[in-house]
Amino acid sequence: MFGRLTLDALPHDPVTIGGVAGGTVGLLIIIAAMTYFKKWGWLWREWLTSLDPKKIGVMYIVVAVIMLLRGLADVAMLRAQQAIFATSPNSPISPDLFQQVFSAHGTIMIFFVAMGVIFGLINLIVPLQIGARDVAFPLLNSISFWLFVAGMVLMNVSLGLGEFSAAGWLAYPPLSELAYSPGTGVDYWIWSLQIAGVGSLLSGVNFLITIFLMRRKGMTLMKMPIFVWSVVTSMVLVIFAFPILTATLAMLGLDRLLGMHFFTADMGGNPMMYVNLIWAWGHPEVYILVLPAFGVFSEIVPVFSRKKLFGYTSMVLALIAIMILSFTVWLHHFFTMGAGANVNAFFGIMTMVIAVPTGVKVFNWIFTMFRGRVSFQTPMLWFMAFVATFTIGGVTGVLMAVPGIDFVVHNSLFLVAHFHNMIIGGVLFGAFAAYAYWFPKFTGFRLHEGLGKVAFWCWLVGFLVAFLPLYALGFMGAVRRMDHYDASLGWQGLFIAAGVGVLIILLGVFFQVVQLAYSVWKRKELAVGPDPWGGRTLEWATSTPIAEYNFATLDAVHDRDAYWTVKKAHEKLSAQYYDIHVPNNSGYGALIGAAALGVGFALIWHIWWLAGVSMIALIALVISSTQRTDVEHVITAREVALTEKRLRGKRA
Amino acid sequence: MTIVKYVIGFVLSLVLTMTAYWVTVNGIDKTTLYLILAVLALVQMVVQLIFFLHLGEEARPRYKLATFLLMSFMLAIIVVGSIWIMDNMNYNMANMSPNEKNDYMLMQHDKGF
Amino acid sequence: MKDAVEEKFLFNKTTIGFWLYLMTDCILFASLFATFAVLRHATAGGPSGSQIFEMPLVMAETIILLTSSFTCGLALVALKARKITQMVVALASTYILGAAFLTIEISEFAKLIGEGNGPAHSAFLSAFFTLVGTHGLHIFMGLLWLLVLVAMLMRRGITSKWVRQMTLFALFWHFLDLVWIFIFTVVYLMGVAK
């Protein structure tokens, strides 16, 4: 009846029980509060079924933030183990749990934090920046989001039912094969990624079409804001890289489910093919995450330097170059597997080449600041920190692009420090900069500057303290994913330092929470107009809060910095309003997400009847979602006029 | 989009398929055969793209054509790259028994790549 | 006038969007093709391609699918000319031919599994079953889609939405034919080459 699912699936060790209990209590409190305040209907109508990309974007970011907290809790456990208990035989975290925790940390941070933040940001900003009222396929957008949520839920269910993968964040076979990992852990990993990955793929198609076909009149490709360009390149990578992940996960799943032999070591299977394929996806994935972050900085630097972006064309060309080159370097993730000198040399050189367009971008940002009137507010501080840390990460990356050096430092903490420099220094700092920069656009008040700066300095200092020791430890021979080492090696001091760094980062997170709460509390004092920074692009032309239809009128665009030229010329927006069609809410996204969750859960636990039922439900829902007739409703010109008057006050 | 186009596409596809089959059963040396088969398949791909999928008929900007060309380029990189890498891997590991290969790959657990 | 512009935009949006999806599907198949190419000699003592492929049947499959792609195109032409009877006949042929293709494929699979040469027998067979099976799954989805199209047609007649859906289906069906050419060439023809 329930496949492999028995009472044994409940957690046994105290650490996991604590985590599950904490999570469950938190969830129950939220559910109770929602019920008490009768907020379920509101939540369903206003948020969960909304097809408004602004709301979907916020939901992406809420999920990502929750997952960030879980990922940070994971890493606090890892570092505590390494700093305090690693030299003693008794530790509260068993080796097996340690492996599950680092696998979960990597998976969560990449798939559910970084991807969530990026897609959230794209949902919020792209339609506004291209002057559109919506995305190309609103319902598909909602379905993508709910598939992302379904993957996230599945991943977190593994905490309380069964186990999570102990095979690292990319689950290399043969370790991830049935022979070595017979439990449900790897299955959880496969299916949560598979479901979330399909969601990302659909989002990629959706946003490319949105940008291709729904730009404001007059906005040619070379007049698009640079953030939109960065999203184009990132989404192109999504649509060409994610199918590889889908295929690879499917093959590993078939190995485990039907006893096939793609990646087993016996019966002709080839585990090296898995490593090859997963990195053919995995390397572009890094750029999927970091390119939009580049775009964010390319928006922020001109605004806070009061100058237009230096070298727009070279910026676009650099993005395109990175996009194409990122598909030609994947072997550098497994130089030491044994492809030999010729192959290694080719991919080593390509890896070094990709640093060139990235360098072009760094210089362009610096030249934008040159002779500008730079104001060092929080978004700009994040940018400065990004340039420094990302350059350190880039330099260590080029170092490791030399196969000979990679043979020395591969799999060490040096590598771990390198890619955290890229992901935290690049993606996360970019996300924080975007948060500080665009927050007032969507809320009408800005975040408290002083607390933001405190949080920033905690993050930066904590980041350096947490990761610089890892470079040294890597050179000293400390490998990654290590839960015990001999005290005589003398590594403990550096591990303690890294642990202290994590604590400082957590302090930064604490101040971010305080900053948000304080800013909401003092929102009257912190209130700002629709264009608080002197923005240059179209999103600042909307009212704040932004109307459901984004733009009341669709005036043609003449220039790259579309809104800046309008402001310069004191042009009036036209006040001739027409009826606007906006999409109706739809529950299909949530239902399809639920069905996908059912399929994933059933396949993990081998509950075949549930798999069949969910699969049929999924197909039926998809078919019936294409048959909707009440797709959109009309906001009449009169209503638009009234809304504009209310939102813009007398100025309109 | 006329019926003539579909008929031309259909006939050409049939001819190309028959030719490929005929060449294969009439055994020639493998390298030449692979080359001929690859060319025939690619030609048929172009035929079907033009006559069935109407690629190239869209008005500017040609998003379909652009994405198709980019996709083909990326696809070539992935397929050719994978085969090249794996051939080299297999060559270098030719004298490893399955068990040794297994142990080697399992090392990634505590001493990965 | 405004409606015509709107309709053209909708048409462009859905066809180009669907085209992008097909591009992603190409990459999905490419990953499976690459895996097949790498594992094609890994028979692990089991049969190789030339020992199990029945070329006359495969050739029949190929012709059937090609014809079905052709009739699907004819349906689209008939739709353009609003010749509904012709279109329905063409669509019915497409469905029957597609179903015939799938039946042959399934019987081929069933026979192999019955002989003990199932997908769990060797890496080569895993790759073979998965690559060809993924194509078969797409065909199955296409047949399902065609049924939905017919149901839509019977309920509401020819609407602009139906025309869009039909165009997307035709794209999908031609695309599957295109993928099959490569399966036919790489898996079967190159597989039986001596």
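Order of the sequence lines fixes the chain letters, A, B, ..., with proteins taken first and strands second; residue numbering starts at 1 for each chain.
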Visitor: Report which part of M323(A) has an atom under 4.5 Å of a heavy atom belonging to chain B: side chain, backbone, both, or neither.
Guide: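 Both backbone and side chain.
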Visitor: For F73(B), is it the side chain, the backbone, both, or neither that has a heavy atom closer than 4.5 Å to a heavy atom of chain A?
Guide: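 For F73(B), the contact with chain A is made by the side chain alone.
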Visitor: With a 4.5 angstrom heavy-atom cut-off, could you sort out which part of I239(A) is near chain B: side chain, backbone, both or neither?
Guide: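 For I239(A), there is no contact with chain B at all, as no heavy atom is under 4.5 Å.
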Visitor: What part of L70(B) gets within 4.5 angstrom of chain A, counting heavy atoms only: side chain, backbone, both, or neither?
Guide: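 For L70(B), the contact with chain A is made by backbone and side chain together.
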Visitor: Aromatic rings H283(A) and Y287(A): how do their planes relate, parallel, tilted or perpendicular, breaks at 30° and 60°?
Guide: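 The arrangement is tilted - the two ring planes meet at 30° to 60°.
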Visitor: Would you call K5(B) and E57(B) a salt bridge, using N to O less than 4.0 angstrom?
Guide: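 Salt bridge between K5(B) and E57(B), a charged N being under 4.0 Å from a carboxylate O: yes.
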Visitor: Check whether F407(A) gets within reach of chain B through its side chain, its backbone, both or neither, counting any heavy atom under 4.5 Å.
Guide: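 The answer is neither part of F407(A).
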Visitor: Is chain A contacted by the side chain of M71(B), its backbone, both, or neither, given a heavy-atom distance below 4.5 Å?
Guide: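 Contact with chain A is through both the backbone and side chain of M71(B).
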Visitor: Do L221(A) and R215(A) touch side chain to side chain, with heavy atoms closer than 4.5 Å?
Guide: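 SC-SC contact between L221(A) and R215(A) confirmed.
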Visitor: Given F102(A) and W169(A), is the ring pair (Phe, Tyr, Trp, His ring centres under 6.0 Å) satisfied, shown in steps?
Guide: CA-CA 8 Å; F102(A) 71 65; W169(A) 82 281; over 10 Å; no
Visitor: Report the option among N270(A), N342(A), T264(A), L277(A) that has the most heavy-atom pairs separated by less than 4.5 Å from atoms of chain B.
Guide: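 Heavy-atom pair counts peak at N270(A).
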Visitor: Just say parallel, tilted or perpendicular for the rings of F212(A) and Y63(B), cut-offs at 30° and 60°.
Guide: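 Judged by the thresholds at 30° and 60°, the geometry between F212(A) and Y63(B) is parallel.
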Visitor: So which residue, I77(B), N90(B), I85(B), ends up with the most heavy-atom pairs under 4.5 Å with chain A?
Guide: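 Looking at each option in turn, the highest pair count goes to I85(B).
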Visitor: Is it the case that the side chains of W330(A) and N276(A) hold a donor-acceptor pair, with the cut-off being a distance below 3.5 Å and no angle test?
Guide: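 There is such a pair (donor and acceptor under 3.5 Å, judged by atom type) between the side chains of N276(A) and W330(A).
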